[in-house]
Every structure is written in structure tokens, then in C-alpha cells.
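This one's a predicted model, so the numbers in the text were calculated from it and none came from an experiment.
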Amino acid sequence: MRGAEAMASSSSARRGVVIAATCSFAVGCVTLLGWWIGATALVAIVAGLPRMVPNTAFALILAGVSLWALGVRECPAPLRWLGQGCAAVILALGLAVLAQYIFAWDLGIDRVLFAGRVDFPSKFPGRPPPNTALCCVLIGSSLLSLRVKTRRACLISEWSALLAAALALTALTGYVFGVGYFYGLPPLFPFTGMAIHAAIAFLALCAGLLMARPDCTAFATLTASRSGGILLRRFLPYVVLVPLVIGRLFLFGADRGAYPIAASLSLASAITTLLLGAMLWVSAARMNLLDEARQRAEEARVFLATVAQASDDAVIGISLDGTILSWNPAAERLYGYCICEAIGKKLPLLCLPERAGEAEAVLARLRRGERVERFEAVSRTKGGESIDIEVTVSSIVDASGRVTGVSMICRDIGSRKAMEAEIASAHEAERRIRSQLEAIGTASAAVSEALANLPRSEPGVRSVLEVLTRHAKEIVGADYAALGIGEDGQRPFDAWVPSGVPAERIAQIGAPPRPVGVLGAVVREGRTIRLADVRAHPAYIGLPPHHHPIEAFLGVPLRFHGRSVGNLYLGKRPGLPSFTEDDERVAELLADRTCGVLETARLYRAEANERKRLEAVVEQLPEAAILVDTKGRLITCNRVALQYASSAADNPDPWGNPVRFEHRTPTGRPLAWDERPLIRALQRGEVVTGAEGLLWRDDAGFVPVLVNAAPVRSDDGELQGAVAVFQDISVLKEMERQRREWIGVIAHDLRQPIQVIATASQLLGRAAGEKPVADCRKQLDRITSSIERLRRMIDDLLDASRIEARQLTLDRSPVDLCAQLGEILEKSADVTAGHAVRLVVQGDVPAVLADPGRLEQIVTNLLSNAAKYGRPEGDIVVAVNAGSASAHVAVTNWGGGIPEASLPHLFKRFSRAPDAVPRSVRGVGLGLYITKGLVEAHGGSISVASSPDGATTFRFSLPFAPEFARTAGA
């Protein structure tokens with residue numbers, strides 16, 4: 001009976017959906033026809049009321065199509081897609097209209113349809129009012145959720161339809177009572193509002209949407225056969241229509257002047273309250289009667305089924321012909337059938353088709369009065385699943401002892417069976433894992449033993465790879481195995497070790513493969529690849545000629561600390577079982593256990609190769625190289641170092657080792673132990689570079705050398721020894737000596753011709769008389785200035801030579817620095833011509849110990865440099881102040897500045913800053929080099945700084961005279 005009612009209700013719902021869809025489609029089409037032919041009556045129904053705009057009519061047509069396509073239960077896929085598309089267009093149209101209202105946009109969609117057919121008091125003839133647009137959004141959302149079979153989608157569809165119905169009903173109420181605010185917003189949009197036929201169409205659509213989801217709460221409640229559904233169907237029309245009719249009647253009387261509007265509202269409210277109260281009273285009385293009947297039935301049912309309902313096992317009552325008579329909740333949970341689905345069905349409903357005869361045999365035994373012991377069986381649930389149960393069967397007899405039925409208690413033993421199966425599987429897996437671990441342990445031990453016997457050569461490393469490959473093939477039961485090392489797909493694997501392939505077949509295959517295809521996929525992806533058929537992999541490119549055919553494939557990367565150290569490839573012949581997850585797990589475990597061994601083998605080989613290369617490099621060095629340990633014992637040395645091995649006996653070193661190298665200072669003085677570069681590196685961890693000295697050679701005596709020494713430390717910083725390199729600089733020393741002699745000779749020999757030229761120019765000047773020809777005097781002046789420049793250049797060369805030879809002599813005495821600087825500035829007026837030179841003295845400056853002539857040379861060089869490179873007509877400032885033990889002088893000029901990269905090279909010989917040197921500046925680049933040598937010869941220091949604003953400052957210091965130094969220190 002219930003099934004027939006459900007079918008009738010479903011059929012009625014489908015008819016209602018079709019009617020609602022047809023209504024919406026018809027209203028939309030009629031309205032569009034009115035716009036097409038210019039019939040205002042079809043657009044507005046009644047003159048003076050809001051019109052339905054074309055966009056609203058178009059949305060109603062789409063909604064009718066969508067509801068018809070989606071509301072039918074069994075509809076083809078193209079129709080479903082059509083319905084979803086129409087719903088999406090409705091939703092998009094509503095959202096676009098609302099966005100235009102909110103953000104004052106004009107998207108142009110309001111003038112698409114019939115923009116000039118009918119006069120409309122707005123520049124947007126197609127724009128629906130806000131409440132109509134909101135209804136479109138809600139109905140579009142409800143339609144999109146219609147075919148989604150989830151609880152959330154059902155709620156979205158239902159509530160969207162109900163909200164749209166509330167908006168449409170509000171508009172209709174406004175038309176009934178003549179309240180424009182209900183269907184439009186006269187102050188804001190006096191020209192538009194929800195049309196009356198649009199509100200009717202929306203209500204029809206909402207009703208159709210609710211009927212299209214009969215499983216949802218609203219429609220299910222309305223169509224329920226229970227008392228709540230009956231009362232709702234009986235009273236809902238009155239609740240909706242009575243207030244409207246009464247309100248309109250009383251409003252009609254008020255409009256005719258029968259009574260004031262306030263009285264009409266009071267009368268309508270009172271009568272509505274009385275009617276609704278009466279309906280509520282009748283509903284309560286009917287509910288009380290139904291509750292009393294239900295309570296009596298419930299008490300009887302509870303009394304009869306207390307034991308069965310409280311049982312955790314399925315308790316089923318069966319007649320002798322196998323018909324199910326009773327069904328407790330535990331049976332519902334066990335089999336999935338509710339009580340209405342099970343009562344009246346035959347017992348084979350719960351049996352597997354192939355075991356239906358067993359159930360009939362048990363019933364036959366019970367009918368004969370035989371006793372049936374507890375037994376295990378396999379039953380079937382509503383979903384068609386098989387379950388293991390334990391059945392206890394007993395006969396039900398009446399007062400006369402006649403068997404009238406059967407009581408069957410079924411207990412689900414699936415969990416117990418599964419537990420027993422899991423225990424058996426666990427025991428089997430334990431045995432299998434134990435066997436695999438033993439095999440992996442054996443393989444690891446074999447690989448470790450091969451590593452322990454590893455010689456530092458390629459064949460030794462290959463033996464480790466062969467052991468690993470052979471054991472991997474045996475453990476997983478593969479036919480073929482190979483281990484490849486390499487990642488470059490453009491060239492073959494660096495190492496390729498196959499196993500299971502005969503030697504003659506390997507010879508036929510030829511060169512090792514490259515990491516491409518499936519082999520390269522394992523390398524690139526860095527993960528295990530297991531294939532039932534290697535040919536199915538997208539990267540498969542075939543096998544090389546003469547290779548055995550392979551079907552099942554297993555590739556495992558070997559990684560150590562995230563870095564690839566190799567790849568293990570395993571294969572089986574066609575027709576054999578594929579690799580299993582256990583095979584994959586075992587191969588990965590073996591890879592994890594042995595990747596460290598492979599890395600160690602690789603490091604052995606790399607270390608051996610690196611050692612050979614290093615030994616070859618050290619042996620071929622043109623310099624002597626020695627290496628000692630932490631106790632000063634000689635570890636190794638190259639062939640050049642053997643030439644410096646001294647046969648003369650000497651005191652042992654600080655560790656008691658015999659001395660092998662006789663090391664002295666450049667002057668020939670014996671070098672103390674703590675001053676030797678190798679001992680400094682070994683004892684104090686110092687890095688010594690460019691230390692000059694003398695080293696004894698049996699065939700050449702003491703030879704000048706340049707010594708570099710450094711400590712040797714381990715990765716954790718522990719001192720392991722020291723290394724020293726001796727470079728023979730005899731040739732360099734000889735070349736330096738010859739260069740100094742050549743400069744001195746050239747500078748000395750140039751003085752004589754310059755003096756001759758100077759004397760000749762003086763004689764020519766005297767011969768020309770007191771008033772020589774102007775051109776003659778000009779040429780004589782040029783000769784004189786050139787002679788002076790040559791003399792300065794020769795003096796610079798001589799000074800540079802003396803500085804390099806450490807033969808510069810100074811005649812130092814206490815000098816009043818401030819007074820001396822004042823005289824030097826006066827004498828240098830020609831040098832600084834065009835520049836304002838200021839002397840700034842900061843505080844009292846004691847006398848310094850200096851050579852006045854050399855001091856003048858220092859300051860003149862700095863002033864000349866400032867005048868050359870400073871800004872034309874710019875100031876030059878000479879600042880003097882007293883330090884703790886010396887006086888400080890700073891010469892500052894303003895110009896283009898000096899690049900930071902050029903600053904370290906300014907005080908070198910023949911060095912000039914090309915980026916800062918004007919082309920008109922003459923010189924050979926010895927001025928600052930000589931200045932630095934003179935300052936350091938006085939015991940001072942000199943430095944330079946240049947700022948981005950163009951200020952360049954040279955600072956030098958001179959020590960105070962001894963008696964003044966004590967005063968300054970005090």
C-alpha cells in the first residue's frame with residue numbers, strides 16, 4: 001500500500017514539474033511576443049502596472065526549459081547538460097543585474113532585446129527590477145543544485161526555491177493590497193517593479209522546484225502520509241488564502257468608505273486570528289486522538305518485542321514455509337533491510353543463490369521436529385555483500401506442542417573471521433618477512449665483504465656491484481637484473497653491471513645502455529617504478545638488439561642522503577607473474593641497506609683517483625713541496641724537495657726529528673725554530689705566504705727561496721699536519737739586482753749630458769745678450785724647464801732605486817713641523833699655481849724627528865699631486881695635528897675623486913689611476929711610490945681616502961723627536 005502511495009505521489013510530482021515548467025515557458029514566450037509586436041497588454045497585463053522586461057521573459061523561458069530538463073528523473077545526458085546550461089545563464093543574468101544596481105555599472109545587457117519596440121521610461125529598457133534579479137539568482141542556484149545528490153545540495157535547492165517564493169508572494173500581496181513597495185521601489189525605480197505575471201511564473205517555478213526534489217524536507221513533509229502531512233495539506237491553503245481574501249475584502253470596504261482603514265485592519269486581524277485559532281484547535285484535537293492510538297499500539301509493540309529489540313543479535317521469526325514474520329533492529333543493522341522490506345519475504349532473501357537449498361534443508365529438519373545445532377553459514381545483505389554468520393535455530397511451538405514457526409538468531413562473525421584470517425596472514429607475512437630479511441642480511445653481508453676486499457681500482461668496485469646485482473635478482477625472483485650508475489641521457493651509464501644475461505649475449509648487445517626510456521624515467525623521477533608490462537609505460541622505447549625479451553619490470557633508485565648513487569633494474573621473461581608489492585618493498589629495503597656501501601665504494605674509487613692526480617701534480621711541481629704530520633715527521637715530498645735535503649748534521653727539531661732542510665733568513669742568519677714557516681703553521685696554525693729566506697742545497701750552497709706554509713686540517717678542524725712549498729727565486733733576485741744596478745747607472749750617466757745641455761743653454765742665453773729675440777728666449781726657457789723635469793725624473797729614479805735597495809739615507813733632526821710646512825708652502829707656490837693653499841694647525845704640534853730636505857720632498861710631491869688632479873682653481877688644505885706618538889699631516893684637494901678599485905695601487909711603482917688622470921698630466925708614476933718610501937723610512941705611515949663628493953685626502957705621520965715625544969705622551 002505504501003509503495004503504491006509513493007508511486008502515485010512521484011507521478012503527481014512529475015506532472016506538477018511539467019506544469020510549472022510549461023507555465024514559466026508560456027509566460028516568457030507570451031511576454032516576448034508582446035515586446036515583438038508592441039502589445040503593451042501582453043507586457044504589463046494591466047495598464048499602469050509594472051511591465052515585464054525582455055530579460056525577465058528570457059530568464060523565464062530558460063527556467064522553464066531547465067526545470068523540464070532537470071526535473072524529470074530519467075532524462076538523457078544532453079538534456080541534463082542543456083538544463084545545467086540554462087540554469088547557469090539565469091544565475092549569471094541575475095548576478096549581472098544586481099552588480100549593475102550595486103556598482104552603477106552599465107554592462108549593455110539591458111538594451112540587447114527589443115530596445116526600441118515599446119516606449120519605456122528608462123535608458124535601460126531590458127533591466128529587471130532588483131527583486132526580480134534576486135529571484136533569478138535564487139532560482140538559478142536551485143536549478144544548478146537540483147541534480148546533485150547530497151544533503152547540502154538538497155538544502156540549497158529547497159531554501160533557494162522557498163526564498164524566491166517568498167519574494168514572489170510578497171509581490172503578489174502588494175498587488176492584492178495595492179502596496180507598490182511590495183512589488184517595486186517607487187521612490188528609487190518608479191518606472192519598474194516585479195510584474196504580476198512574473199510573480200505568478202516565479203511561484204509556479206518554485207512549486208515545480210520543490211516537487212522536483214520530493215526527498216527534501218518541505219515536499220516530503222507536505223506529501224507524508226503521517227498525521228503531520230495530512231494536517232499540512234488540509235490547512236495550508238487556508239493559511240495562505242484566508243488572510244489575503246479577508247484583507248482584500250476589508251480593504252475594499254475601506255476604499256468604499258464603509259469604515260476607516262484602521263478599522264479594516266483591526267477587523268481583518270481579529271477574524272484571521274479567530275480562523276487560525278479554530279484551525280489550530282481542530283489540529284490539536286486530531287493530534288491528541290492520533291497520539292492516543294499511537295501510544296496504545298506502541299505499548300503493545302514494546303511489550304511483545306522487548307526481548308528481541310534489546311538483543312544485539314539478529315532475531316528473526318520465520319513461518320514453517322519460510323516467510324519472515326518478525327524482524328528486530330539488530331537484523332536491520334546486520335542485513336540492511338528495514339522491517340517493511342523484510343516482513344512477508346521468503347527466507348532465501350537472506351541466502352546466497354547457490355546456498356538456498358541449505359536453508360530449505362534446515363527448515364525441513366525443523367518441520368520434522370529435529371534439533372539443529374548451532375552452525376556457521378554465509379548470508380547475503382541488501383547490498384549483495386556476503387557476510388559470515390553464526391546461526392542458532394529453535395522451533396516455536398504452541399500450547400498443544402505443535403511447531404508453528406522458527407526462531408532464528410544470527411550473529412555476525414565477520415570480524416572474528418577477519419581477525420582469524422588476519423592472524424593467519426600475519427603469521428604467513430611474518431614467515432615471509434623473516435625469510436626476506438635473512439636474504440637481505442645475507443646480501444648485505446656479501447656486499448660488505450666485497451667492500452672490505454675492495455682494491456682501489458675499477459675492477460674492485462665492479463665486484464661490489466656484481467655481488468649486489470646478483471643477490472637482488474635472487475631475492476625478488478627476477479630473471480634479469482642490472483645496476484647502472486649515471487644520470488646523463490646523452491652518454492652511456494658510467495657503470496653498467498648486468499646479471500642473468502650470458503656473456504655471449506652481453507657481447508652481442510655491445511655498448512652499455514644510456515639512461516633513457518624507462519631506465520631514464522627511474523633516474524629522472526627518483527622513485528620506484530613497478531610495471532606488469534614494461535611496454536605499456538609511456539617512456540618505453542624498446543630493447544637493444546639481441547636482448548632477452550622482458551615483460552615485468554621493477555626499477556628502484558639507490559639514493560644516499562638524497563643523492564642518487566645508482567639505479568637497480570629487475571625484469572622477468574614474458575608469461576611469468578608480475579612483481580608484487582612485497583618484491584618492491586624487499587628491493588627498496590635492499591637498496592636502503594646497500595646504498596651506503598655503494599657510496600663508500602664510489603668514494604674509494606674517487607679517493608684513489610684523486611690521490612693519484614694529486615700525487616702526479618705534486619710530483620711535477622717546479623717548486624719543492626713537503627708534507628709533515630703533527631709531530632713534524634716527514635710524510636712525503638716531491639723530487640724537487642729532495643734537492644734541498646741537507647746532509648749536514650744539525651740539532652734536532654722540537655719533536656726530536658733529524659733536520660732535513662737548512663733554513664736561514666735572507667741575510668744568512670740562522671732562523672729560530674719558532675720563526676720557521678713550517679713550524680709556525682704546525683704549532684700556531686698560521687698561514688705563511690711569501691716569506692723570503694735561504695735554503696741549503698748541496699750543489700749550490702744557500703739559495704734564495706720564497707716559502708709558503710699552511711696547516712692541514714680535517715673536516716672537523718682537527719690539525720693533521722702542515723705543508724710547505726719552497727720556490728727558488730735565484731733568477732728573480734739576480735734580475736732584480738741587475739735592474740737596480742741598471743737604473744742607478746742610467747740615472748748617474750744621464751746627469752752628465754743633462755749638465756752639458758744646461759751649460760750650453762746658459763751660454764746661449766749669455767750670448768744672446770740682455771735683450772734676446774723673443775723666440776730665442778722662449779726656446780731657451782723650454783730647454784731649461786725640460787732640463788729641470790729630466791733632473792726630477794732622474795732623482796725619482798735614483799730615489800726609487802735606493803728605496804728598493806734599502807740604501808736610502810736620512811739626515812734626521814728635530815724639526816718644527818708647522819714652521820717647516822709654512823716654508824714649504826711658500827716655496828711650492830709655482831707648483832700650486834692657480835690653487836688657494838691653506839695651512840690648518842689643530843692644537844700644539846711638538847717637533848718631529850725628520851730630514852728637512854726629504855720632508856720638503858714628501859710635502860711637495862703631495863702638493864703637486866693635489867694640484868694636478870684637483871679641480872681647477874680649487875682649494876688645497878694642509879691640516880696638521882698631534883697624535884699620541886707622532887704628528888699627522890693631511891693634504892686634501894677636491895676634484896673628480898679616485899675610484900675605490902684604484903686606491904690599493906696608488907703607491908706602487910709606475911702606477912696611475914687611469915680613470916682619474918687628465919691627459920695633460922705628465923709624469924712616470926713614481927711620485928707617490930717615493931713618497932711612501934720616504935715616509936716609511938722616517939718610521940711613519942701614509943694612506944689615501946677618496947669620498948664620493950670628490951674630496952681626496954693623503955694622510956702621513958712622522959714620529960716626534962725623543963724629547964718632545966715624552967712631553968706629548970705626558
State whether the side chain of S24 and the backbone N or O of A201 hold a donor-acceptor pair below 3.5 Å, judged by distance alone.
no
Do any N or O atoms from the side chain of N328 and from the backbone of V315 form a donor-acceptor pair under 3.5 angstrom?
yes
Give, for atom SG of C136 and atom CG of N55, the distance between the pair rounded to the nearest 0.5 Å.
9.0 Å
Shortest non-hydrogen separation from C338 to C340 and the atoms involved
SG-SG, 2.9 Å
CG (L134) and CG (L163) are apart, to the nearest 0.5 Å, by 8.0 Å
What heavy-atom pair brings L138 and S160 nearest, and what distance separates the two atoms?
O-CB, 3.3 Å
Closest contact, heavy atoms only, H197 versus L42:
NE2-O, 3.7 Å
L144 vs L91, test: side-chain contact (heavy atoms from CB on, under 4.5 Å). Steps then yes/no.
CA-CA 9 Å; L144 286 174; L91 177 62; 3.7 Å; yes
Least distance between heavy atoms, L167 atom then C135 atom:
CB-SG, 3.5 Å
Look at the aromatic rings of Y335 and W327 and report parallel, tilted or perpendicular, splitting at 30° and 60°.
tilted
If you compare all heavy atoms of T56 against all heavy atoms of P128, which two are closest, and at what distance to 0.1 Å?
OG1-CB, 3.3 Å
Heavy-atom closest contact (L205 atom, G64 atom, distance)
CD2-N, 4.4 Å
